[in-house]
Enquirer: 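This is the structure I want to talk about, given as structure tokens.
Treat the numbers as computed from the prediction; the structure is a model and nothing was measured. In what follows, every chain begins at residue 1, and chains take the letters A, B, ... in the order their sequences are listed.
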Protein chains: 2
Amino acid sequence: MELPIRISKDSREPIYHQIVNQFKALIAGGHLSAGTPLPSIRVLSKDLEISIITTRRAYQDLEVQGFIKTSQGKGTFVADISEDLKQEVKVTSVYNILENAVDTALSYDYSLEQVKTIFLEILKSKEKGDI
Amino acid sequence: MELPIRISKDSREPIYHQIVNQFKALIAGGHLSAGTPLPSIRVLSKDLEISIITTRRAYQDLEVQGFIKTSQGKGTFVADISEDLKQEVKVTSVYNILENAVDTALSYDYSLEQVKTIFLEILKSKEKGDI
DNA sequence: TATACTGTATATATCTATATGCACAGTATA
DNA sequence: TATACTGTGCATATAGATATATACAGTATA
């Protein structure tokens, strides 16, 4: 399975963190169902051209947070998490990042009305680019 | 002058970076006009309970980016930047962070319609909390 | 001129992310 | 059983970001 994991090595965000966030989005968003095998740490490390340790760090974090299960010798698999938890992760993640964006806009002295205008513009451009 | 600079020492974002961003917002947003003296690095360091070096790093970055002017012995002052540049900084900063938030929502498998609903909810709560 | 402010420079410390190598251990399967 | 996959553990190295202390230098002004 070809996973859409893409990392940026220049980003201020740590690589393991980028991996964690992307898997969280894929799992909570319903693109990866319980039991689906993840790539082995060696394979993912090779694909992303990063060290095994970095991949392992990401998988450990994901396991601690309950999104995946690893078993030695077998591999790593998407955990069986409740629909409720998925929803909670989705809602809080998205709500927080959107709220933060709005707060930033306000700190730049934009009015709520102006923020709304810019936001709707962005949505419009996404609709076009989507197809 | 009492500046509304607030930092979080737990944040993943570097302290000097938080300071830079907040001053940029204050200057580009029009809350600080050209010539206004900034607090000396020692005063701001004491207020924020951080080292002088960190404050200096922030001021150096702000000077490189053209937002402030420092002169040894005299102090640090808001630079005289054009209205156009201010506008550009405002627009790009806010547009980018909003777009990034929308992209994150999409990665969680939200539809554009759902993102809009959440966004409007946030705006509503901001209106109330504003007064 | 004395002093009390400004910013400047340097050497060092600490933390985090990342990388490397190697040995170990569990599992599947030809 | 042999082999080739899985994940685990550990010790160490390196680079970069971040923070600190301390001493130095310019400026304003009583």
Enquirer: Which pair of non-hydrogen atoms, one from B/I5 and one from B/L48, has the smallest distance, and what is that distance?
Expert: O-CD2, 3.7 Å
Enquirer: I want to verify a distance call: between D/dG7, C/dT6, C/dA17, whose nearest atom is closest to the A/P14 side chain?
Expert: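 When the side chain of A/P14 is considered, C/dA17 is the closest of D/dG7, C/dT6, C/dA17.
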Enquirer: Reading nucleotides 24-30 of chain D from the 5' end, what letters show protein touch, with B for base, S for backbone sugar-phosphate only, - for no heavy atom under 4.0 Å?
Expert: -BBSS--
Enquirer: With sequence neighbours left out, write down each residue that passes side-chain contact (heavy atoms from CB on, under 4.5 Å) with A/S51, or none if nothing qualifies.
Expert: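 With sequence neighbours excluded, A/S51 shows a side-chain contact (heavy atoms from CB on, under 4.5 Å) to A/I53, A/T54, given in chain and number order.
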Enquirer: Would you mind listing every salt bridge (charged side-chain N to carboxylate O under 4.0 Å, His left out) that reaches into residues 88-101 of chain A, with sequence neighbours excluded?
Expert: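 Qualifying pairs, neighbours excluded: A/E99-B/K126.
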Enquirer: Separation of A/I52 atom CD1 from C/dT18 atom C1', in whole Å?
Expert: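 Rounding to the nearest Å, CD1 of A/I52 and C1' of C/dT18 are 13 Å apart.
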Enquirer: Could you tell me the separation between the CD atom of B/Q60 and the P atom of C/dA9, rounded to a whole number of Å?
Expert: 8 Å
Enquirer: Would you indicate, yes or no, if D/dA19 has its OP1 or OP2 atom less than 4.0 angstrom from a side-chain nitrogen or oxygen of B/T54?
Expert: yes
Enquirer: Please report the shortest heavy-atom distance between B/V115 and B/A105, naming the atom on each side.
Expert: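 Reported closest heavy-atom pair: CG2-CB, 3.6 Å.
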Enquirer: Donor-acceptor check, side chain of A/T36 to backbone of A/L32, threshold 3.5 angstrom: yes or no?
Expert: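 No; judged by distance alone, with no hydrogens or angles, the pair does not exist.
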Enquirer: Quickly work out the B/Y16 OH to D/dA19 C1' distance and round it to whole Å.
Expert: 12 Å
Enquirer: Between C/dA9 atom P and B/Y59 atom OH, what is the distance in whole Å?
Expert: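 To the nearest whole Å, that distance equals 18 Å.
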Enquirer: Sequence neighbours left out, what passes side-chain contact (heavy atoms from CB on, under 4.5 Å) with A/K74? Give chain and number order.
Expert: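 Partners of A/K74 under the side-chain contact (heavy atoms from CB on, under 4.5 Å) test: A/S71, A/F77.
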Enquirer: Stems in DNA chain D: runs of 3 or more consecutive Watson-Crick or G-U pairs, distances under 3.5 Å?
Expert: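 Paired runs of 3+ in DNA chain D: C:1-30 with D:1-30.
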Enquirer: OP1 or OP2 of D/dA21 less than 4.0 angstrom from a side-chain nitrogen or oxygen of B/S51, does that happen here?
Expert: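 Checking D/dA21 against B/S51, no side-chain N or O comes under 4.0 Å of OP1 or OP2.
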Enquirer: In whole angstroms, how far is the C1' atom of C/dG7 from the CD1 atom of B/I68?
Expert: 11 Å
Enquirer: Side-chain N or O of B/S40 versus OP1/OP2 of C/dT6: is the shortest distance under 4.0 Å?
Expert: yes
Enquirer: According to a strict under-4.0 Å criterion, is A/R56 in side-chain N/O contact with OP1 or OP2 of D/dG9?
Expert: yes
Enquirer: I need the NE2-P distance between B/H17 and D/dG16, as an integer number of Å.
Expert: 18 Å
Enquirer: Output yes when at least one side-chain N/O atom of A/R57 is less than 4.0 Å from OP1 or OP2 of C/dT18, else no.
Expert: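 So the side-chain polar atoms of A/R57 never come under 4.0 Å of the phosphate oxygens OP1 or OP2 of C/dT18.
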Enquirer: For B/F67, which residues count as a ring-ring contact (aromatic ring centres under 6.0 Å, His included) partner, sequence neighbours excluded?
Expert: none
Enquirer: Please figure out whether A/I50 or B/T70 has its closest DNA chain C nucleotide nearer the 5' end.
Expert: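 First, find each residue's nearest nucleotide; the 5'-ward one identifies B/T70.
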Enquirer: With sequence neighbours excluded, give me every salt bridge (charged side-chain N to carboxylate O under 4.0 Å, His left out) pair touching residues 60-73 of chain B.
Expert: B/R57-B/D61
Enquirer: With sequence neighbours excluded, what pairs up with B/E13 under the side-chain contact (heavy atoms from CB on, under 4.5 Å) test?
Expert: B/S11, B/H17, B/Q18, B/N21
Enquirer: When you measure from the side chain of B/I53, which nucleotide among C/dT6, D/dT8, D/dA21 comes out closest?
Expert: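 So the nucleotide nearest the side chain must be D/dA21.
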Enquirer: In whole angstroms, how far is the C1' atom of D/dA21 from the CD1 atom of B/I41?
Expert: 13 Å
Enquirer: Taking only residues two or more places apart in sequence, or in another chain, which ones meet B/I97 in a side-chain contact (heavy atoms from CB on, under 4.5 Å)?
Expert: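 Result, side-chain contact (heavy atoms from CB on, under 4.5 Å) vs B/I97: A/N100, A/A101, A/T104.
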Enquirer: Whole Å only: how far is the CG atom of A/L48 from the P atom of C/dA19?
Expert: 11 Å
